[in-house]
Asker: 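After the structure tokens below, expect a handful of questions from me.
Just so we're clear, the structure is a prediction, and the values are computed from it rather than from any experiment. Below, chains carry the letters A, B, ... as their sequence lines are ordered, and counting in each starts from 1.
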Amino acid sequence: MITPSVRQLFRETKDYLDREIAVCGWVRTVRDSRTFGFIELNDGTFFRNLQVVFDNRLANFEDVARLNVGASLRVKGLLVSTPQAKQPFELKAGEVEVEGASTPDFPLQKKRHSFEFLREIAHLRTRTNTFSAVFRVRSLAAQAIHNFFQERGFIWVHTPIVTASDCEGAGEMFRVTTLDPLSPPLDSRGQVDYTQDFFGRQANLTVSGQLNVETFCMAFQKVYTFGPTFRAENSNTARHAAEFWMIEPEIAFADLQDNMRLAEDMVKHLIGSILEKAPEEMEFFNRMIDPGLLDRLQRVAEARFEKITYTEAIGILEKAPVSFEFPAEWGKDLQTEHERYLSEKVFQKPVFVTDYPKTIKAFYMRLNDDDRTVAAMDLLVPGVGEIIGGSQREERYDVLRQRIEEMGLNPEDYGWYLDLRKFGGCRHAGYGLGFERAIMYLTGMGNIRDVIPFPRTVKTIHF
RNA sequence: UCCUGAGUAGCUCAAUGGCAGAGCAUCCGGCUGUUAACCGGAGGGUUGUAGGUUCGAGUCCUACCUCAGGAGCCA
């Protein structure tokens, strides 16, 4: 007997109608009367459920009618068309085999649950409509990003997770060590002796693959990373996690304009791909999570992203007819309230802000001719805020070395990075896309903890 | 880390300092086409923790814990 997925039933209905089939899945709800009943069966392949009809001709009718939500079943029967009903077809069960029963205390009910509650049962929340949709979109988005870069000849580089560079300046890092925390070996000055540690020196989890991937950029021209990243910041917001995934493309013989073009093309490709491949999920997000989502995404797919310089942004903010808690001031970083105002009120679409003061940006960003700004760009999107941060990189050896020193860093720690400028360095640029923030933007989900399977945040590492 | 708010039944929430409740879920019964099915009934509580004020505290006070929203840091 053929065992099609529920996705196949919905997508290629004609192939299965009026045929005997078997379907495996999990019970979302059971409704029964004296002699018959209905099961909503979800098999994980499709957003919608398959309706199973069963009656007392089943040998185990009583057991089936009393099934608890969450049970896993294998149902054999005839797939019939139901043109007058809410669902296009249903499975008339000839045999229902209970693979795994559930119990009355299955936590998921046939009602809306708060996301806070569902986070406490992350091992079960995948069986809800929302998380079924979120994680299918997440999977599709990851593939869409790979497709985008691979189609354009980019090389995917697996930059290291464990790194010895502890001065990338991107945030607090998690220490990686095999030393005994209760009695670490000490050196002659009473400090922890890391020469006896596994790597012979301090090691950390990566906060960015950028410096490493630049080496590949100088050999392959077009490269990207896509992998996990770790930040030990004590951040308690809906947009931060200690473990998240990041995509970091890096392109050679390219400047900031090329960089922004790439970022815009990528975001548009991503949106188009998800709208095409997950229409049911996106329609659900639009209806239940974020009314207006589809309109907004479709407009973005067509619009040109706005581009303004930091200096222009400050000008707009200074003239803004609203009072900010912190007034915008040239030389200071944009506050969240400023970014929201720009993307949500002024432009109402994604906007690149470029050319920030060098004092508030990283050492590797290319110094502009004005000597006070760098060729940086942040992409701000309505609802989520900063989704991409990038720059043209400083390719001039002397300037880079001087910037490292200006920022109080030690050039010796950046020997191999400086080498790239010494041996055939060239113009190049890149950016980092927060994968989870992209998923939030695509789905309208408001909390990063709800777009990561098992989120790691401050004081939280369940599951 | 800072600011604000919240913690009461499995879930979502009520309860003027005076008998701790509802809807949903669960269990039992009914129902021949349901769609978060419907109808009837039942069970279900150390009110986050520890102190304090009071004749009396879910309610007021203090500390702590947890969660949420906002901010900072950033992707």
Side-chain angles (χ1 to χ4, degrees), chain A residues 28-40 48-56 65-66 68-70 80 82 84-88 90 92 102-121 128-129 168-172 207-210 225 228-248 263 288 324-326 332-340 360-362 378-381 384-390 431-441 446-452 457-460 462:
Chain A
R28 284 287 177 86
T29 135
V30 182
R31 299 179 288 273
D32 75 287
S33 290
R34 175 197 286 276
T35 58
F36 71 100
F38 303 91
I39 299 170
E40 297 280 337
R48 296 180 66 179
N49 302 319
L50 171 66
Q51 174 160 291
V52 174
V53 197
F54 63 99
D55 60 32
N56 58 3
R66 276 202 298 261
N68 292 116
V69 176
V80 298
T82 53
Q84 292 88 1
K86 284 192 180 178
Q87 74 287 348
E90 64 188 17
K92 285 198 177 304
S102 185
T103 59
D105 58 345
F106 184 69
L108 295 171
Q109 300 163 18
K110 295 178 274 188
K111 56 170 269 191
R112 268 188 100 128
H113 288 287
S114 67
F115 290 136
E116 292 84 356
F117 171 66
L118 292 170
R119 270 171 225 150
E120 296 170 8
I121 50 167
T128 63
N129 288 335
E168 291 168 9
E172 295 296 313
V207 292
S208 165
Q210 182 203 318
T225 72
T229 307
F230 307 87
R231 304 269 169 95
E233 299 286 353
N234 188 9
S235 295
N236 290 286
T237 81
R239 306 183 305 283
H240 291 84
E243 177 182 314
F244 63 99
W245 285 56
M246 194 155 61
I247 296 105
E248 297 170 291
M288 302 297 286
F324 296 112
E325 190 182 349
F326 299 98
K332 289 189 175 169
D333 213 346
L334 298 180
Q335 301 279 319
T336 297
E337 59 180 338
H338 302 147
E339 296 183 345
R340 291 183 70 107
I360 58 173
K361 286 294 183 183
D378 285 355
L379 180 64
L380 312 179
V381 298
V384 178
E386 183 180 340
I387 199 173
I388 284 174
Y431 60 83
L433 167 73
F435 185 53
E436 284 77 13
R437 290 189 182 175
I439 304 301
M440 291 169 73
Y441 182 57
N447 196 309
I448 197 167
R449 299 172 183 93
D450 298 326
V451 298
I452 301 181
T457 54
V458 183
K459 297 270 187 275
T460 306
H462 301 138

Asker: Quick one: do Glu436(A) and Arg239(A) make a salt bridge, cutoff under 4.0 Å?
Answerer: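 Salt bridge: no.
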Asker: On a whole-Å scale, what distance lies between the P atoms belonging to G17(B) and G23(B)?
Answerer: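 After rounding to an integer number of Å, I get 25 Å for this pair.
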Asker: Would you write the dot-bracket representation of RNA chain B, where each base gets (, ), [, ], | or . depending on whether it forms a Watson-Crick or G-U pair under 3.5 Å and with which partner?
Answerer: (((((((..((((....[..)))).(((((.......))))).....(((((..]....))))))))))))....
Asker: Tell me whether the side-chain N or O atoms of Ser235(A) pair up with the base of C74(B) as donor and acceptor below 3.5 Å, since no angle test is needed here.
Answerer: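 Between C74(B) and Ser235(A), which were checked side chain against base, a qualifying N/O pair under 3.5 Å is absent.
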Asker: Name the nucleic acid region contacted by Gln51(A), choosing base, sugar-phosphate or nothing; use a 4.0 angstrom heavy-atom cut-off, strictly under.
Answerer: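 Base, at least one base heavy atom under 4.0 Å.
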Asker: Using the C1' atom in both, what is the distance from G41(B) to A25(B), to the nearest Å?
Answerer: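 Pairwise C1' distance, G41(B) against A25(B), rounds to 16 Å.
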Asker: Quantified in whole Å, what is the P atom distance between nucleotide A63(B) and nucleotide G44(B)?
Answerer: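 Going atom to atom, P in each nucleotide, I get 38 Å.
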Asker: Which is true for His113(A) with a 4.0 Å heavy-atom rule: it touches a base, it touches only sugar-phosphate, or it touches nothing?
Answerer: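 If one applies the 4.0 Å heavy-atom cut-off, His113(A) turns out to touch the sugar-phosphate alone, with no base involved.
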Asker: Taking the C1' atom in each of A22(B) and G43(B), what is the distance between them to the nearest angstrom?
Answerer: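 About 16 Å, rounded to a whole number of Å.
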Asker: Should Phe38(A) be counted as stacked on G33(B), where stacking needs a ring-centre gap under 5.5 Å and an angle between planes under 30 degrees?
Answerer: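 So Phe38(A) does not count as stacking on the base.
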Asker: Nearest of C67(B), G33(B), C74(B) to any side-chain atom of Thr460(A)?
Answerer: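 From the listed options, C67(B) comes nearest.
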Asker: Restricting to side-chain contact (heavy atoms from CB on, under 4.5 Å), what partner residues turn up for Asn447(A), sequence neighbours left out?
Answerer: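 Here the qualifying residues are Arg119(A), Ala238(A), Arg449(A), Asp450(A).
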Asker: Taking all non-hydrogen atoms of both residues, which atom of Leu433(A) and which atom of Ile387(A) are closest, and how far apart?
Answerer: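 For Leu433(A) versus Ile387(A), the nearest heavy atoms are CD1-O, 3.5 Å.
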Asker: Answer with yes or no whether Gln87(A) presents, from its side chain, a donor or acceptor under 3.5 Å of a partner atom in the base of U34(B).
Answerer: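 Yes, a donor-acceptor pair under 3.5 Å.
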Asker: Testing the basics here: between Ile452(A) and Glu243(A), what is the closest heavy-atom pair and its distance to 0.1 Å?
Answerer: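 Closest approach of Ile452(A) to Glu243(A): CD1-O, 3.7 Å.
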Asker: NA contact type, Ala241(A), heavy-atom cut-off 4.0 Å: base, sugar-phosphate, or nothing?
Answerer: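 Base contact - Ala241(A) has a heavy atom under 4.0 Å of at least one base atom.
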Asker: Students often get this wrong, so: under 4.0 angstrom with heavy atoms, is Ser114(A) touching a base, only sugar-phosphate, or nothing?
Answerer: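 Counting heavy atoms under 4.0 Å across all strands, the contact made by Ser114(A) is with sugar-phosphate only.
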Asker: Name the nucleic acid region contacted by Thr229(A), choosing base, sugar-phosphate or nothing; use a 4.0 angstrom heavy-atom cut-off, strictly under.
Answerer: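 The answer is nothing, as Thr229(A) stays clear of every strand by at least 4.0 Å.
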Asker: Rounded to whole Å, please give me the gap between CZ in Arg31(A) and P in G33(B).
Answerer: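 Taking atom P of G33(B) as the reference, CZ of Arg31(A) is at 13 Å.
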Asker: Using the P atom on both, measure U34(B) against U47(B) and round to a whole Å.
Answerer: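 To the nearest whole Å, 44 Å.
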Asker: Could you give the CZ-to-C1' distance, from Phe115(A) to U12(B), as a whole number of Å?
Answerer: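 The answer, rounded to whole Å, is 14 Å.
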Asker: Indicate for each nucleotide in nucleotides 24-30 of chain B, in 5' to 3' sequence, whether protein heavy atoms under 4.0 Å reach the base (B), only the sugar-phosphate (S), or nothing (-).
Answerer: BSSS--S
Asker: What contact category does Glu90(A) fall into here, base, sugar-phosphate, or nothing, at under 4.0 angstrom with non-hydrogen atoms?
Answerer: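 Base contact - Glu90(A) has a heavy atom under 4.0 Å of at least one base atom.
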